[in-house]
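Lettering of chains follows the sequences in order, A, B, ..., and the numbering in each one begins at 1.
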There are 2 protein chains.
Amino acid sequence: MQVAQLAGVSLKTASRALGGEPHIRPATRDQVLAAARELGYRRNTAASLLARGHHSDSFGLITGDLTNPFYSALAQGLEDEIRTEGLHLTVANSRESPELERSVAQSLADWQTKAVVVASAMPDHSSYAALQEHGIPVVFVDRAAQQIEADSVVFDNAGGGETAARHLLAGGHRRIAFIGDYTWLPTYQERLAGMAGAMDAAGIEGWRRWVRAGAHDVPSARAATAELLDGDDPPTAFFAGNNRAALGVIEELVGRSVDGGAPAVVGFDDFEGARALGVTVIANDPQEMGRRAGRLALDRLADRDLPVQTVTLPTTLVTRGSGERPPPRD
Amino acid sequence: MQVAQLAGVSLKTASRALGGEPHIRPATRDQVLAAARELGYRRNTAASLLARGHHSDSFGLITGDLTNPFYSALAQGLEDEIRTEGLHLTVANSRESPELERSVAQSLADWQTKAVVVASAMPDHSSYAALQEHGIPVVFVDRAAQQIEADSVVFDNAGGGETAARHLLAGGHRRIAFIGDYTWLPTYQERLAGMAGAMDAAGIEGWRRWVRAGAHDVPSARAATAELLDGDDPPTAFFAGNNRAALGVIEELVGRSVDGGAPAVVGFDDFEGARALGVTVIANDPQEMGRRAGRLALDRLADRDLPVQTVTLPTTLVTRGSGERPPPRD
DNA sequence: ATGCCGCATGACAGCGTTGTCATCGCGTGA
DNA sequence: TCACGCGATGACAACGCTGTCATGCGGCAT
């Protein structure tokens with residue numbers, strides 16, 4: 001190593017100085033550091049990791065689309081959390097495709113990330129067991145682990161769904177639509193289940209005729225909204241199952257004036273612009289979700305035998321007007 | 001290597017099979033791959049990189065805040081681009097702080113990323129020369145390289161600023177405010193300069209009294225907007241210098257009814273919800289920015305001696321109503 | 001004054017993989 | 001049939017760093 005030569009010390013001593021190890025005289029350390037600075041030395045990660053028997057210094061995050069602010073907030077929270085331990089975050093995109101997710105996960109595994117955090121697009125997560133067997137903690141976010149023993153961080157989807165429906169019911173609505181994401185998503189199922197609890201408890205019948213799914217992006221949510229509004233028996237309120245769906249519903253409503261006043265809208269997930277748009281939402285904190293996931297993974301890295309945990313984060317009703325619009329008088 | 005043993009071949013042959021190298025009989029390869037699968041073998045990245053003399057398999061991206069959809073879209077575009085070459089993306093957050101940016105860049109350099117893409121919070125980028133000297137391409141995005149020879153990808157900020165101002169002027173506005181980001185940002189300066197060109201050409205005098213800066217987030221933009229509206233001589237139109245500023249202006253306007261009609265608003269950067277809110281914007285494509293930056297870095301990786309390029313991406317005026325509101329009659 | 005202890009330092013091996021070069025065997029053309 | 005060539009395979013070193021262990025030195029207690 002050139003640095004050691006310039007500093008006039010042995011390789012090992014230089015390594016000690018650069019690595020911040022003890023058992024080195026301050027004067028010697030400074031000498032080495034000065035030499036390193038002068039030569040513009042950068043330690044070779046690969047060699048360092050190899051020698052220490054480690055594999056990687058970064059966590060992998062797999063999401064469906066970083067463009068969705070929900071995921072990017074999650075990524076930010078995760079990054080914040082692991083940076084405290086000097087770790088990096090590598091992001092990968094599954095585009096909500098199970099095949100792509102598998103390949104991306106494989107790739108992260110090949111490159112031996114220290115841990116993987118995933119918002120999975122798969123119904124069955126047993127294939128992640130391979131990673132676990134290699135000592136790579138896997139934490140499932142937003143969508144809980146299925147068919148596998150693994151940590152998860154999720155929102156109280158059922159509770160949020162119930163709160164949303166109750167809120168609309170309390171406002172006098174009876175014809176309440178649900179514009180949900182893909183049906184295979186646990187988040188879809190749980191939010192709908194929560195709504196079902198409230199609707200059934202209120203004695204509403206036949207409400208499922210206003211349930212629509214597949215609203216994973218704005219256009220599809222708009223389309224579903226339009227279809228319902230143009231139907232025989234239009235709903236007086238909408239419960240949008242995610243941030244994209246809420247935007248889609250709102251966009252569609254903005255474009256038309258509905259006889260007897262605009263339908264009420266409650267969205268799941270808070271989103272930028274919801275305040276300006278006056279959209280009532282079931283708010284959650286994806287950034288916190290990222291932080292918690294990071295923490296779980298770090299803890300498991302420190303002690304593999306920790307019991308498996310599922311952390312459920314709360315949701316809060318934030319009223320901003322759209323959810324408080326009354327139904328039109330018949 | 002266990003795999004080699006199980007497959008009954010030499011270490012090198014196993015390496016060839018796993019690495020997809022030529023000069024290996026298909027039958028032998030399959031045998032090795034089968035053995036690898038059985039043992040759940042994963043190649044050790046660190047060792048592989050070390051042996052090949054490479055350093056890393058990922059690009060680093062430094063932004064101010066992944067939570068800002070502008071940056072996350074950029075990140076997504078960059079990831080899409082480099083994944084085609086089997087590379088990963090590591091994200092890091094500078095929180096728009098030069099000190100943090102320096103430390104984060106240092107850390108990426110220590111861990112030897114293949115290339116760095118940065119939306120820098122620094123006025124002077126000469127410290128990035130150290131990375132370049134180590135053969136790490138550095139590409140500046142959104143904010144062009146300063147005091148350093150490096151590739152950049154930026155938007156046509158001056159053009160966009162001019163277009164925005166012209167649009168409002170054409171609508172009959174004379175008292176036009178600019179709610180800009182931090183003054184030290186080149187994007188601030190260029191957008192304002194573009195506006196200045198249009199204002200001066202139109203013979204408007206004293207318009208700079210409606211220029212405000214520091215609107216890097218929604219609350220500060222709201223505050224600036226409120227201050228202007230509550231002043232003696234409120235503007236009849238706002239040009240918001242970034243997506244957060246636009247949201248702040250809109251939020252503030254939503255909360256009040258201004259005598260003689262709401263002020264017009266044009267924002268810079270398109271944003272989710274702009275359509276629903278009916279906000280006229282100077283739209284740009286951060287995802288494309290990410291892709292182009294990735295391409296520049298990849299190209300430079302292939303040939304260090306490529307001439308330094310600055311790619312300027314276009315902006316487009318998208319009218320949605322807020323920018324077309326006329327000024328109140330005096 | 002002597003011996004012991006602990007800290008600073010250095011020599012050396014080894015981390016898991018791939019590049020280099022040598023070897024081997026088989027097929028081809030004369 | 002023999003020489004030649006080329007593809008398949010293997011032995012071995014090297015990548016740059018850190019862990020282990022040995023060595024040397026000075027201070028402290030007796």
Reckon B:Ser10 has a side-chain N or O less than 4.0 Å from the OP1 or OP2 of D:dA11? no
Which of these passes side chain to side chain donor-acceptor pair (under 3.5 Å) with B:Ser120: B:His125, B:Arg143, B:Glu96? B:His125
Side-chain N,O (A:His23) to OP1/OP2 (C:dA8) below 4.0 Å: yes
For D:dT18, does OP1 or OP2 lie under 4.0 Å from any side-chain N or O of A:Arg43? yes
Below 4.0 Å: OP1/OP2 of D:dT9 and any side-chain N or O of B:Arg25: yes
Kindly point out which of C:dT17, D:dC17, C:dT9 is positioned nearest to the side chain of A:Ser48? D:dC17
Using only side-chain N and O atoms of B:Ser15, determine if any of them is under 4.0 Å from OP1 or OP2 of C:dT17. no
Within this structure, what is the CZ-to-C1' distance between A:Arg52 and C:dC15, rounded to whole angstrom? 12 Å
Look at the side-chain N and O atoms of A:Thr28 and state whether any lies under 4.0 Å from the OP1 or OP2 oxygen of C:dT9. yes
Map B:Lys12 and B:Leu50 onto DNA chain D by nearest heavy atom, then report which one ends up closer to the 5' terminus. B:Lys12
Short N-O contact, B:Glu21 and B:Lys12, less than 4.0 angstrom: yes
Relative to the 5' end of DNA chain D, which residue comes earlier, B:Pro26 or B:Ala47, by the nucleotide with the nearest heavy atom? B:Pro26
More than 12 heavy atoms of other groups within 6.0 Å of A:Gln2 CD: no
Please tell me if A:Tyr41 has a side-chain N or O lying less than 4.0 Å from either OP1 or OP2 of D:dG16. no
Side chain of A:Asn44 only, heavy atoms from C-beta on: which candidate in C:dG10, D:dG16, C:dG19 is closest? D:dG16
B:Arg42 vs C:dG16: side-chain N/O to OP1/OP2 distance below 4.0 Å: no
When the distance from CG of B:Asp57 to P of C:dT17 is rounded to whole Å, what number comes out? 15 Å
